[in-house]
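Input: a single structure, listed below in structure tokens.
Because only heavy atoms are used, hydrogens play no part in the values below, and waters and symmetry mates are left out as well, while side chains stay in.
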Amino acid sequence: LFRSAQNKVPREAPKFEVDPSFPKIPNNWVLGQVASAAADEKDHIWVLHRTRTVRPALKTGPPVMEFDSAGNYIQGWGGDAPGYDWPKSEHGIYIDYKGFVWIGGQGDDDSILKFTKAGKFVMQIGKGGHKKTNKDTENFWRPADVFVYPKTNELFVADGYGNTRIIVFDADTGKFKRMWGAFANTPQDMPAQRSEGGERMDPHHIAAKEIDPKDPGPQQFNSVHGVKVSNDGLVYVSDR
């Protein structure tokens, strides 16, 4: 418990508890692997799940589901359709400040998709069938997560499970702006050997507890898993 500088308003750290009834899934559907969840400006919760992981004997709904703050089902959409490449393995969902829904995948997918909240397709950045390299400024390699920074209207992509970089685009046009790797180094292509979990296997890997504290660490990202931009313009990157 602590008080403000004026010593007037007591504040308390938030307390969390599991709500086993959230959300309320309709039609006897079951969820597949839930890859990601996001909240919008109405406190509605958007769930992205992997319908392909549901057992054939069970019923499931669309890969994108919207629920209100009480867990009531609002709508669902997504999946394979003409006009865009739906990811083979869904990974990230994000609702930007304009109300657009962004979808990414990590199943050897090479694109980021942008939709309206009603599920109308808006834009695809990236396409499959290309040489997978960090030098490519038009395509990805298994992009995992996205974030739109309102102050600049820029799309930050954690790219990803295949490439080793953060890459930035204009969120309206999809035009490339810049990119960088760990410690602001130029992102480098690395050997493709991977573990069963998808992480890039480094033959020189050393357990963190055995690393000299003076060692600055790897000079390249391994698996760029998440990205967020704070209100003061700092970019936070999670690397698996």
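Atom CG of Asn28 sits in a sparse spot, with 12 or fewer heavy atoms from other residues, nucleotides or ligands closer than 6.0 Å. Remark: Gln75 CD is packed, more than 12 non-hydrogen atoms of other residues, nucleotides or ligands lying under 6.0 Å away.
For Glu41, the side-chain contact (heavy atoms from CB on, under 4.5 Å) partners are Lys117, not counting sequence neighbours. Here Tyr149 pairs with nothing under the ring-ring contact (aromatic ring centres under 6.0 Å, His included) rule; sequence neighbours left out. Taking the salt bridge (Lys or Arg N to Asp or Glu O under 4.0 Å) definition, one finds that Arg55 meets it with nothing, sequence neighbours left out. Every residue two or more places apart in sequence or in another chain that forms a side-chain contact (heavy atoms from CB on, under 4.5 Å) with Ala158 is listed here: Asp145, Ile166, Val224, Val227. Under the salt bridge (Lys or Arg N to Asp or Glu O under 4.0 Å) criterion, Lys175 pairs with no residue, sequence neighbours left out. Contacts of Gln124 classified as side-chain contact (heavy atoms from CB on, under 4.5 Å), with partners at least two apart in sequence or in another chain: Tyr84, Asp85, Ser111, Leu113, Phe121, Lys127. For Ala38, the side-chain contact (heavy atoms from CB on, under 4.5 Å) criterion is met by Ile93, Ile95, not counting sequence neighbours. With sequence neighbours left out, Lys24 forms a salt bridge (Lys or Arg N to Asp or Glu O under 4.0 Å) with no residue at all.
Connectivity analysis of hydrophobic side chains (ILVMFWY, heavy atoms under 4.5 Å, direct or indirect) links Tyr236 to Leu234. Other residues sharing a hydrophobic cluster with Leu58 under the 4.5 Å side-chain heavy-atom criterion for ILVMFWY residues are Val30, Val54.
Contacts classified as salt bridge (Lys or Arg N to Asp or Glu O under 4.0 Å) and involving residues 63-83 (residues at least two apart or in different chains) are given here: Arg52-Asp80. For residues 15-51, the pairs satisfying ring pair (Phe, Tyr, Trp, His ring centres under 6.0 Å) are Trp29-Tyr73, with sequence neighbours left out.
A salt bridge between Lys98 and Asp172 is present, with a side-chain N of the basic residue lying under 4.0 Å from a carboxylate O of the acidic one. Comment: Asp110 engages Lys132 in a salt bridge, judged by a side-chain N to carboxylate O separation of less than 4.0 angstrom. A salt bridge links Lys15 and Glu12; the closest N-O separation between the charged side-chain nitrogens and carboxylate oxygens is under 4.0 Å.
Judged by distance alone, with hydrogens and angles left aside, the side-chain atoms of Thr51 form no donor-acceptor pair with the main-chain N or O of Pro63 at under 3.5 Å.
Between Phe115 and Phe100, a ring centre-to-centre spacing not shorter than 6.0 Å is recorded.
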